[in-house]
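Note that the structure is predicted; figures quoted are calculated from it, not measured.
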Amino acid sequence: MSDANILSAVLHRGVGRLREMRNGRRDAQVVLLRVLGCDGAWLLAHPEMKLSDEQARQYDEWITRRAHNEPLQYILGEQEFYGLMLRVTPDVLIPRPETEHLVEAVLERVPKDAAVRILDVGTGSGAIAVALAHRLAQAQVTAVDVSEAALEIARQNAVAHEVAGRITFLKSDWLAAVRGERFHVVVSNPPYVANGEILEAQVRLYEPREALFAGPTGLEVFRKLIPQSREALVVGGWLLMEIGHGQLDAVAGLLADWDGVRFIDDLQAIPRVAIAQRRG
């Protein structure tokens, strides 16, 4: 092992390579913590420790990937969502804090001990389905996605958090696989980005396009999802959807013949969750 493998030198090298990136220092530290399997306090207390050649090689490889804008979540293979650590790969959208508002909105409308049926449309990593099943012990959740690779990740997350017995995973083009079934809640974080919208490099280059882009206007999926959800909901059932910036008025128009339509802002005061109740 060379002096180049001293912890402080390795971290300095990583920070330097990520210096042009937002949160580059933080990312360099997070990667080092993962390589060493330790916490930040230990890192500060042992600046003269030497990494093994294998640890240094792993660190440099991950830093190189991050320097090419690959999301840290894909490099490390996980992301926390609603207090649960989830496995993520490039087959699924990275769960975001904004989507936690969607989970909260469902929990505000469903009693904790209610034996409800919930449909998660476009489940991806299974973040919403797993979080809801984890919090609602009597709920039965059906999670659908058109991607079999995404469904496999979602299944693994359900198993990891011991809720697989209450989640049914189905490959489906929107709600096609559950036609004729009825649910108390339909929840979805669908693609809502317009095709021409410019996204930051780490999103544009690495996250699955089919989970991001909806079409020329960004509203195409809502035009399918809303009427299909009405058919799937019991009378008085709830539809909850994540929406994009500037889409409130258009989505409100699509929900004109629903009851209880309202919108919830995220922490940046951007309308993020659309809520509506099926009329009798």
Side-chain angles (χ1 to χ4, degrees), residues 82 99-148 150-151 154-155 157-159 161-192 211 214 219-243 251-264 272-280:
Y82 213 74
T99 305
E100 294 184 354
H101 295 287
L102 193 56
V103 173
E104 286 284 358
V106 174
L107 295 176
E108 289 172 2
R109 286 157 180 81
V110 177
K112 190 173 183 179
D113 59 350
V116 296
R117 296 195 71 207
I118 298 173
L119 175 64
D120 176 21
V121 182
T123 195
S125 66
I128 294 170
V130 171
L132 290 174
H134 191 261
R135 290 293 300 271
L136 300 170
Q138 302 302 316
Q140 293 292 326
V141 181
T142 300
V144 300
D145 202 290
V146 73
S147 167
E148 185 57 56
L151 287 169
R155 291 187 189 100
N157 285 323
V159 169
H161 293 289
E162 301 180 342
V163 294
R166 290 188 292 108
I167 305 180
T168 300
F169 294 99
L170 298 173
K171 184 175 182 180
S172 180
D173 184 8
W174 299 109
L175 279 69
V178 295
R179 188 169 292 120
E181 296 189 44
R182 292 292 178 266
F183 300 88
H184 301 92
V185 176
V186 174
V187 60
S188 182
N189 177 17
Y192 52 71
L219 297 167
E220 284 76 9
V221 169
F222 295 116
R223 295 191 178 106
K224 297 178 183 178
L225 179 60
I226 290 172
Q228 289 185 26
S229 296
R230 192 207 323 265
E231 293 300 316
L233 283 167
V234 300
V235 173
W238 293 99
L239 170 62
L240 302 97
M241 308 175 295
E242 183 168 324
I243 67 171
V251 173
L254 294 172
L255 293 169
D257 56 352
W258 290 65
D259 286 333
V261 177
R262 61 169 298 202
F263 296 84
I264 296 175
R272 185 62 63 187
V273 176
I275 302 169
Q277 194 169 25
R278 183 187 167 184
R279 286 181 181 169

task = Applying side chain to side chain contact (heavy atoms under 4.5 Å, CB included), run through Leu107 and Tyr82 and close with a yes or a no.
result = CA-CA 12 Å; Leu107 295 176; Tyr82 213 74; 3.3 Å; yes
Which atoms form the tightest heavy-atom contact between [X] and [Y], and what is the distance?
X: Ala177; Y: Ser172; answer: N-OG, 2.9 Å
X: Val141; Y: Ala129; answer: CG1-CB, 3.8 Å
X: Met241; Y: Leu225; answer: SD-CD2, 3.7 Å
X: Ser188; Y: Leu102; answer: O-CD2, 3.5 Å
X: Ile167; Y: Ala143; answer: CG2-CB, 4.1 Å
X: Gln138; Y: Arg166; answer: N-NH1, 4.4 Å

Gap between atom [atom2] of [Y] and atom [atom1] of [X] - 0.5 Å precision:
X: Ile275; Y: Phe263; atom1: CD1; atom2: CZ; result: 9.0 Å
X: Trp174; Y: Gln228; atom1: CH2; atom2: CD; result: 8.5 Å
X: Leu240; Y: Asp120; atom1: CG; atom2: CG; result: 11.0 Å
X: Asp257; Y: Arg279; atom1: CG; atom2: CZ; result: 6.0 Å
X: Ile226; Y: Leu255; atom1: CD1; atom2: CG; result: 4.0 Å
X: Glu242; Y: Ile128; atom1: CD; atom2: CD1; result: 7.0 Å

Does the side chain of Val103 come within less than 4.5 Å of Arg135's, by heavy atoms?
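No. Closest side-chain heavy atoms not under 4.5 Å.
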For His161 and His134, take the angle between the two ring planes, folded into 0 to 90°, and tell me which bin it lands in: parallel under 30, tilted 30 to 60, perpendicular over 60.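 The arrangement is perpendicular - the two ring planes meet at more than 60°.
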- Taking Arg117 for the side chain and Arg182 for the main chain, is one N or O donor matched with an acceptor at less than 3.5 Å?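 Indeed, once roles are kept as given, a pair shorter than 3.5 Å links the two residues.
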field: Leu175 backbone acceptor or donor facing Arg179 side chain under 3.5 Å
entry: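 No; zero donor-acceptor contacts below 3.5 Å.
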Does a sphere of radius 6.0 Å around CD in Glu162 hold more than 12 heavy atoms from other residues, nucleotides or ligands, not counting ones at 6.0 Å or beyond?
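Counting neighbours around CD of Glu162, 12 or fewer heavy atoms of other residues, nucleotides or ligands fall under 6.0 Å, so no.
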Carboxylate-amine/guanidinium proximity below 4.0 Å for Arg272 and Glu100:
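Salt bridge flag = no for Glu100 with Arg272.
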Passing candidate, side-chain contact (heavy atoms from CB on, under 4.5 Å) with Val185, options Leu119, Val110, Val116 |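 Single pass found, and it is Val110.
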- Message: Tell me which one of Asp173, Val121, Thr123 satisfies side-chain contact (heavy atoms from CB on, under 4.5 Å) with Asp145.
- Response: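 That would be Thr123; it is the only one of Asp173, Val121, Thr123 passing the side-chain contact (heavy atoms from CB on, under 4.5 Å) with Asp145.
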### Message
Show, in sequence, the C-alpha distance, side-chain angles and deciding distance for Gln277 and Trp258, and conclude whether the side chain to side chain contact (heavy atoms under 4.5 Å, CB included) test is met.
### Response
CA-CA 6 Å; Gln277 194 169 25; Trp258 290 65; 5.6 Å; no
Which donor-acceptor pairs under 3.5 Å do the side chains of residues 232-239 make with protein atoms, sequence neighbours left out?
none

